[in-house]
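Side chains are part of it too, since the values below use all heavy atoms of this structure and drop only hydrogens, waters and symmetry mates. The sequence lines fix the lettering, A, B, ..., with proteins before strands; numbering per chain opens at 1.
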Number of protein chains: 2
Amino acid sequence: MATRTEAQRRTDEKAAYDAYLAECPARRLLDRLSDKWVSLILTGLADGPRRYSDLNRLIAGVSQKMLTQTLRTMERDGLLTRTVTASVPVRVDYELTPLGRSLLPLMAAIKEWAETHIESVTEAQHAYDTGVPR
Amino acid sequence: MATRTEAQRRTDEKAAYDAYLAECPARRLLDRLSDKWVSLILTGLADGPRRYSDLNRLIAGVSQKMLTQTLRTMERDGLLTRTVTASVPVRVDYELTPLGRSLLPLMAAIKEWAETHIESVTEAQHAYDTGVPR
DNA sequence: CCGCATCCCGTGGGATACTG
DNA sequence: CAGTATCCCACGGGATGCGG
């Protein structure tokens, strides 16, 4: 497996994993990436490590349960690392792994798309709600 | 220094709509885009219009309720159009709008990332579950 | 064939209280 | 500070049946 080129390896993987299939591991991964908080956590860690409470403050509206839960899932998926500093009080830092960092620009692009196209979307909604005449 | 640069304009837009704020319309849009089925529907419509039943077959595991519901939300958001052909039996086609089409490459990139990096993720999970020694 | 309406259950996820 | 542990409700979402 070490002798194949990177391009060949990626082609093989694409053929083997199809997110359209319900049972495919890639579909389950896509579902996890589609989580409400993943994009915000990922982009929040763009500029380097952040403490738990720091993330909690940054991402308004997230409960500590969901923040912890999502961070754990992302850690398990290898997207970020969790570092505990045994001081008083305890300090926990989260930092993107190279894997997580490779996903960052994609998620950041989605987040930015939402921020820059929200006005078009709002207009479309209004047209739809007021019974758009054909 | 009279006219704003592109970078400045984007900064302004970012300031106006911030997905980190819970109440911001951009956050709500991002939440909708993070829906489990949006990326699959969007990429499924990449090559042109598709019929409802066609999408239903393509996207394995989606219930007709969720498919219809998600399609309606995306239609309302202006991401796609719904065209009913009054024949027997009825024919309904969905097609991306220019707005939806502008989002397509971003979502396709996420889907592809999932398909090409699933093996790394699976390895990370295994390492995590077996109590990774450091 | 398309998809709306209804029913209903599982669970996602919030609020609160407690620990190291 | 950074969680874990409970409780509990709302709603996501599946199954079924009907209507255009």
Side-chain angles (χ1 to χ4, degrees), chain A residues 20-23 27-41 44-45 48-77 80-95 128-129 131 134, chain B residues 20-23 27-41 44-45 49-77 79-95 128 131:
Chain A
Y20 285 124
L21 304 177
E23 306 307 323
R27 162 68 86 72
R28 284 195 289 268
L29 174 57
L30 184 60
D31 287 348
R32 263 172 282 141
L33 297 184
S34 297
D35 185 273
K36 198 176 178 182
W37 305 111
V38 168
S39 61
L40 293 174
I41 291 176
L45 294 175
R50 269 180 189 264
R51 302 186 58 170
Y52 177 89
S53 54
D54 200 6
L55 282 171
N56 204 8
R57 239 174 296 108
L58 175 68
I59 305 173
V62 67
S63 66
Q64 109 281 52
K65 174 180 176 178
M66 286 318 296
L67 183 55
T68 300
Q69 186 173 299
T70 309
L71 284 168
R72 284 298 143 81
T73 303
M74 292 173 71
E75 184 194 3
R76 180 166 182 265
D77 283 344
L80 49 79
T81 58
R82 176 173 179 270
T83 308
V84 180
T85 306
S87 57
V88 179
V90 182
R91 173 195 179 97
V92 181
D93 285 277
Y94 293 91
E95 182 171 18
Y128 184 91
D129 293 342
R134 291 139 296 182
Chain B
Y20 285 124
L21 304 177
E23 305 307 323
R27 162 67 86 71
R28 283 194 289 268
L29 174 57
L30 184 59
D31 287 349
R32 263 171 283 141
L33 297 184
S34 297
D35 183 275
K36 196 176 179 182
W37 305 111
V38 168
S39 61
L40 293 174
I41 291 176
L45 294 175
R50 268 181 189 262
R51 300 187 59 172
Y52 176 88
S53 53
D54 201 7
L55 283 172
N56 204 8
R57 239 174 297 109
L58 175 67
I59 305 173
V62 67
S63 67
Q64 115 280 52
K65 176 181 174 176
M66 287 318 297
L67 182 55
T68 301
Q69 186 174 298
T70 309
L71 284 168
R72 282 301 141 80
T73 303
M74 292 173 71
E75 184 193 3
R76 181 168 182 262
D77 284 343
L79 298 180
L80 49 79
T81 58
R82 175 174 179 268
T83 308
V84 181
T85 306
S87 56
V88 179
V90 181
R91 174 195 178 96
V92 181
D93 286 277
Y94 294 91
E95 182 170 17
Y128 183 92

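- No donor-acceptor distance shorter than 3.5 angstrom exists from the side chain of A:R50 to the backbone of A:Y94, with no hydrogens or angles considered.
- A salt bridge links A:R57 with A:D54: the distance from a Lys NZ or Arg NE/NH1/NH2 to an Asp or Glu carboxylate oxygen falls below 4.0 Å.
- Distances from the side chain of B:R51 to the nucleotides D:dC1, C:dC1, D:dG3 place C:dC1 closest.
- Across all strands, B:Q69 comes closer than 4.0 Å to no nucleic acid atom at all (heavy-atom distances).
- A:L67 has its CG atom 16 Å from the C1' atom of C:dG12, to the nearest Å.
- Listed candidates were C:dC4, D:dG13, C:dG14. Nearest to the side chain of B:K65 is D:dG13.
- Checked against C:dC2, C:dG13, D:dC1, the side chain of A:M66 finds its nearest nucleotide in C:dG13.
- Shown are A:T73, A:T70, A:D77; of these, the side chain to side chain donor-acceptor pair (under 3.5 Å) with A:R32 is made only by A:D77.
- The shortest distance between the side-chain N/O atoms of A:Y94 and the OP1/OP2 oxygens of D:dG3 is below 4.0 Å.
- For B:S63, counting side-chain heavy atoms from C-beta on, the closest listed nucleotide (C:dG14, D:dG14, D:dG3) is D:dG14.
- Rounded to whole Å, atom P of C:dC2 lies 9 Å from atom CG of B:D93.
- Picking from D:dG3, C:dC2, D:dG17 the nucleotide with the shortest atom distance to the side chain of A:Y52 gives D:dG3.
- Atom CD1 of B:I59 and atom P of D:dG13 are 14 Å apart (whole Å).
- Atom P of nucleotide C:dG14 and atom CH2 of A:W37 are separated by 6 Å, given to the nearest angstrom.
- The CD atom of B:Q64 sits 9 Å away from the P atom of C:dC4 (whole-angstrom rounding).
- Distances shown here put a side-chain N or O of B:R82 below 4.0 Å from the OP1 or OP2 atom of C:dG3.
- The B:R72 side chain lies nearest to C:dC4 when the options are C:dG14, D:dG14, C:dC4.
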Practice item. Would you please test A:W37 and A:L67 for side-chain contact (heavy atoms from CB on, under 4.5 Å) and show each step? Key: CA-CA 8 Å; A:W37 305 111; A:L67 183 55; over 6 Å; no
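- Taking CE of A:M66 as the start and CD1 of A:I59 as the end, the distance is 11.5 Å to the nearest 0.5 Å.
- Each of A:V90 and A:D35 lies near DNA chain C, and the nucleotide nearest A:D35 is the one positioned closer to the 5' end.
- Spacing between atom CG of B:D54 and atom P of C:dC1 amounts to 12 Å, rounded to whole angstrom units.
- At whole-Å resolution of the value, NZ in B:K36 and C1' in C:dG12 are 12 Å apart.
- Remark: A:S53 is in phosphate contact with D:dA2, judged by side-chain N or O atoms under 4.0 Å from OP1 or OP2.
- Between the CG atom of A:L55 and the P atom of D:dC1 there is a distance of 14 Å, rounded to whole Å.
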